[in-house]
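Step one of this worksheet: look at the structure below.
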There are 2 protein chains.
Amino acid sequence: MGRMPTVDDVALAAQVSRQTVSNVINSPEIVRETTRQRVQEAIDRLGYRPHASARRLRTRKSSTIGVRLDPLRDGISGAVLDRFVHKLAEQADARDLRVMIFTADGHADELAHIRRLRDGSDVDAFVLIGTDHGDSRIAWLVENRVPFVSFGRPWGAETPDPHHRWVDVDGRAGVRDAVQHLRANGAGRVAWIGWPSPSGTGDERRAGWEESCGLEGADRITLAVATEDGVSEGRRAAAALLELPEPPDAIVCASDSLALGATMAAQAAGLARLPIVGFDNTPVAAAVGLSSIEQPLDEVVAAALTLLFGEHGDDVRPNPDSDEEPGHRLLVPRLVERRSSHLALDGNPGA
Amino acid sequence: MGRMPTVDDVALAAQVSRQTVSNVINSPEIVRETTRQRVQEAIDRLGYRPHASARRLRTRKSSTIGVRLDPLRDGISGAVLDRFVHKLAEQADARDLRVMIFTADGHADELAHIRRLRDGSDVDAFVLIGTDHGDSRIAWLVENRVPFVSFGRPWGAETPDPHHRWVDVDGRAGVRDAVQHLRANGAGRVAWIGWPSPSGTGDERRAGWEESCGLEGADRITLAVATEDGVSEGRRAAAALLELPEPPDAIVCASDSLALGATMAAQAAGLARLPIVGFDNTPVAAAVGLSSIEQPLDEVVAAALTLLFGEHGDDVRPNPDSDEEPGHRLLVPRLVERRSSHLALDGNPGA
DNA sequence: TCGTTCATTTTGAACGTTCGAATTATTCGG
DNA sequence: CCGAATAATTCGAACGTTCAAAATGAACGA
């Protein structure tokens with residue numbers, strides 16, 4: 001197999017000029033229909049494909065998005081981000097965009113990578129997964145005019161930077177809905193197991209519980225537990241809750257890991273039917289039949305791409321200025337209910 | 001901020017020619033030390049970065065690997081492949097390679113993507129994750145001289161294609177070790193829950209059980225169950241096993257999903273201490289304290305890259321010819337033991 | 001018939017890099 | 001201090017594409 005055919009080969013075969021071939025590919029509407037067909041036929045016959053690098057060199061854009069894969073987590077929760085990346089790849093493909101991944105060790109390293117990829121014109125725009133309190137990357141990216149969007153709000157920014165585009169999921173609303181649902185179904189005392197403050201995401205989710213739990217006084221304190229993420233942490237926290245003089249009759253957790261632990265604790269305490277709700281609707285939750293709050297990742301990804309590239313195109317928009325349309329989207333999660341809200345160890349597998 | 005500096009800018013600033021700048025970057029050893037420093041200083045000062053696309057256009061290689069992300073699985077097992085991709089990104093970075101991801105719907109679609117990426121010179125080499133029985137992609141890739149390596153053996157190929165490079169994990173050995181371990185610890189009757197045949201991976205793993213279970217006659221049949229992957233499937237299968245007149249006193253499963261289900265069944269049957277071993281050592285296994293057979297993904301990735309690019313470089317090697325060094329690697333997994341081999345619902349969380 | 005306008009196609013240059021050959025600088029033996 | 005050998009550097013071209021501008025052709029009204 002010789003070398004790949006180029007525009008010139010096609011041009012020769014179709015008896016037209018280079019540029020016409022280029023036009024057939026990039027702006028077919030400006031070329032006469034009969035010519036178009038002739039050229040297209042030659043393209044198909046020769047199996048011509050544009051050389052992406054040559055095109056990028058000339059047009060000075062790569063149609064490629066960069067994403068940093070988070071460090072591997074031992075926990076269960078990593079799966080959400082993997083699903084995000086997956087959907088990003090899918091939807092990017094639909095827009096004729098490519099996705100390049102990289103890993104990095106800390107924010108500084110991530111920025112170094114971003115810089116390399118961008119300066120080399122490998123990548124046009126970046127997607128940041130997860131944002132911290134006062135995230136140092138954001139300022140740098142805005143400062144250096146790197147087009148990007150983050151999945152995560154700018155936590156703790158006094159004045160939100162108008163150049164910062166972001167998408168996030170309204171965890172507060174999600175938790176609120178879950179709590180209200182539990183209360184509507186008869187749970188008077190819904191407890192909360194979350195993460196220690198400050199944690200942007202965690203604090204929001206907890207706020208959702210606070211504004212809907214309907215508890216007063218000491219209960220508001222006692223029934224809200226903060227612990228690191230993890231199954232055994234969740235278990236321990238739930239065990240403590242269940243030993244209270246007035247134990248809760250439902251628990252909402254900030255993550256599926258915590259919820260799984262809580263489920264075990266409930267099980268151990270002989271409270272197999274205690275309603276428990278997790279967050280993220282990970283495969284584990286599905287596997288063990290745990291109710292969970294699901295993030296609408298499809299919408300998140302779609303919104304992120306729209307913010308970056310507009311409704312349909314694949315041209316990167318520069319970071320927005322203050323007077324533009326809102327540079328962010330806040331999406332609402334939904335509760336996925338499962339039959340029992342617990343491990344379903346009741347010895348009745350079939351039905 | 002104006003345009004990015006180019007080799008010419010650096011050349012001007014350092015009082016040398018374009019080509020010398022290029023040499024400083026690509027073959028520093030052939031340029032005189034004093035010159036090198038002068039040029040390097042100019043590079044640093046101007047913040048010059050080579051334009052990746054221009055370089056690729058000229059050198060006709062992209063230093064980029066393509067990977068298809070598997071369709072999202074609902075199950076627990078997807079995590080292994082995500083970890084694989086993650087490690088691939090890490091190790092590729094160390095070799096100055098980039099990783100581009102894409103999704104595809106079926107083999108034909110995958111090949112179409114590969115073709116586009118390759119013809120456009122976007123990607124030099126591909127990594128196939130998972131191989132089927134008589135995988136149609138392999139023949140095509142070899143036929144079209146696309147450099148690739150697969151994580152997965154060429155199942156069911158009469159004559160293994162010498163042009164096909166692959167890495168795989170010896171599931172048979174892994175299961176064998178696990179079974180032997182269980183037997184050494186006193187389990188006389190170790191059962192197997194696996195997948196329906198034919199399934200390359202599944203059949204291998206089952207073979208590991210067969211050659212080490214030490215069972216004869218009817219037991220060999222009765223104590224081996226085949227079922228689709230999934231938690232409830234595992235649960236059902238295990239429940240059936242435990243209702244046998246002579247139930248097993250340990251179970252090894254072809255996946256963590258099955259093992260989790262089996263654990264639930266054991267729990268329900270009041271056999272909380274029944275030793276159960278899963279496969280893949282997914283986060284769930286870690287979370288619920290389930291023993292599991294772990295694939296050495298670091299080594300898998302390292303081997304894959306070595307097969308593709310040689311020991312250190314980033315030059316793709318063409319698909320090997322028959323007379324070369326072996327074009328494949330078979331790695332051995334290891335058993336990760338966890339305290340109880342089950343959900344640890346024994347009411348003793350702390351200790 | 002001629003000039004005008006619009007649609008269509010072609011031409012030359014440029015994007016930033018590296019290859020290969022050619023040129024110049026340096027070293028070394030005698 | 002000369003000439004040969006080798007080290008170091010430079011020059012011109014090429015990679016395959018698209019941009020901007022120029023050229024051609026067709027259609028139309030006067």
Side-chain angles (χ1 to χ4, degrees), chain A residues 2-40 42-43 46-64 96 116 118-122 124 314-315, chain B residues 2-40 42-43 46-64 96 116 118-122 124 314-315:
Chain A
R3 65 184 226 304
M4 296 294 297
T6 73
V7 261
D8 284 303
D9 298 320
V10 177
L12 196 64
Q15 315 258 47
V16 293
S17 73
R18 224 171 359 175
Q19 182 62 37
T20 300
V21 177
S22 174
N23 287 337
V24 167
I25 294 170
N26 299 300
S27 346
E29 69 282 3
I30 73 166
V31 56
R32 191 199 316 224
E33 180 57 18
T34 58
T35 318
R36 218 213 80 242
Q37 288 180 3
R38 184 154 38 95
V39 172
Q40 188 58 55
I43 289 178
L46 300 183
Y48 165 78
R49 306 290 185 120
H51 190 290
S53 292
R55 170 181 280 173
R56 297 213 263 261
L57 170 59
R58 181 65 237 217
T59 60
R60 330 194 100 275
K61 62 175 213 189
S62 65
S63 300
T64 301
D96 258 308
R116 243 199 0 221
R118 184 186 142 80
D119 289 353
S121 234
D122 259 316
D124 285 338
D314 61 349
D315 283 317
Chain B
R3 67 185 223 302
M4 295 295 296
T6 73
V7 263
D8 284 302
D9 298 320
V10 177
L12 195 66
Q15 315 256 47
V16 293
S17 73
R18 220 175 8 199
Q19 183 62 39
T20 300
V21 177
S22 173
N23 288 336
V24 167
I25 294 169
N26 300 301
S27 352
E29 69 282 2
I30 73 165
V31 51
R32 192 198 316 222
E33 179 58 18
T34 58
T35 318
R36 218 213 82 241
Q37 288 179 3
R38 185 154 37 95
V39 173
Q40 187 59 54
I43 289 179
L46 299 183
Y48 165 78
R49 306 289 186 118
H51 191 288
S53 292
R55 170 180 281 172
R56 296 213 263 261
L57 170 59
R58 183 63 237 221
T59 60
R60 330 195 100 272
K61 63 175 213 188
S62 64
S63 300
T64 301
D96 258 310
R116 238 193 9 214
R118 183 186 142 79
D119 290 351
S121 231
D122 260 318
D124 285 337
D314 61 347
D315 283 317

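Order of the sequence lines sets the chain letters (A, B, ...), proteins ahead of strands, with each chain counted from 1. Every heavy atom of this structure was used, including side-chain atoms; hydrogens, water molecules and symmetry mates were not.
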(request) Please list all pairs passing the salt bridge (Lys or Arg N to Asp or Glu O under 4.0 Å) test where one or both residues lie in residues 4-24 of chain B, with sequence neighbours left out. (result) B:Arg3-B:Asp9
(request) Take the protein atom CG of B:Leu57 and the nucleotide atom P of D:dT18, then report the distance between them rounded to whole Å. (result) 12 Å
(request) Measure distances between side-chain N and O atoms of B:Arg58 and base N and O atoms of C:dT18, and say whether any donor-acceptor pair falls under 3.5 Å. (result) yes
(request) Let me know the distance between CG of B:Leu46 and C1' of C:dG16, rounded to the nearest Å. (result) 15 Å
(request) Using modelled atom types only, decide if a donor and an acceptor are shared between the side chain of A:Ser62 and the backbone of A:Asp124 within a distance under 3.5 Å. (result) yes
What are the atom names and distances for every N/O pair under 3.5 Å that joins the protein to nucleotides 8-10 of chain C?
unit_1, atom_1, unit_2, atom_2, d
C:dT9, OP1, A:Thr35, OG1, 2.4
C:dT9, OP2, A:Arg32, N, 3.1
C:dT10, OP2, A:Ser17, N, 2.8
C:dT10, OP2, A:Ser17, OG, 3.0
C:dT10, OP2, A:Thr20, OG1, 2.8

(message) Using side-chain heavy atoms (C-beta onward) and a distance below 4.5 Å, is A:Thr64 in contact with A:Asp122?
(response) no
(request) Mind calculating the distance between CZ (A:Arg60) and C1' (D:dT18) to the nearest angstrom? (result) 12 Å
(message) Please report the distance, rounded to the nearest Å, between CZ in B:Arg49 and P in C:dT17.
(response) 13 Å
(message) Return the CD1 to CD1 distance between B:Ile43 and B:Ile25, rounded to the nearest 0.5 Å.
(response) 4.5 Å
(message) Can you tell me how far apart CZ (A:Arg58) and OG (B:Ser53) are? Round to the nearest 0.5 Å.
(response) 13.5 Å
(request) Calculate the interatomic distance between A:Arg56 atom CZ and D:dC15 atom C1'; express it in whole Å. (result) 15 Å
(request) Nearest whole angstrom, please: distance from the P of D:dT18 to the NZ of A:Lys61. (result) 11 Å
(request) Quickly work out the B:His51 NE2 to C:dA14 P distance and round it to whole Å. (result) 17 Å
(message) Please determine whether any donor N or O and acceptor N or O are separated by less than 3.5 Å between the side chain of B:Arg55 and the base of C:dT17.
(response) no
(message) Nearest to the B:Thr6 side chain among C:dT17, D:dT18, D:dT17, which nucleotide is it?
(response) C:dT17
(message) Counting only side-chain heavy atoms from C-beta out, which of D:dT17, C:dG16, C:dT18 sits nearest to B:Asn26?
(response) C:dT18
(message) Could you check whether any side-chain N or O of A:Arg49 sits under 3.5 Å from a backbone N or O of B:Asp119, counting only pairs where one atom can act as donor and the other as acceptor?
(response) no
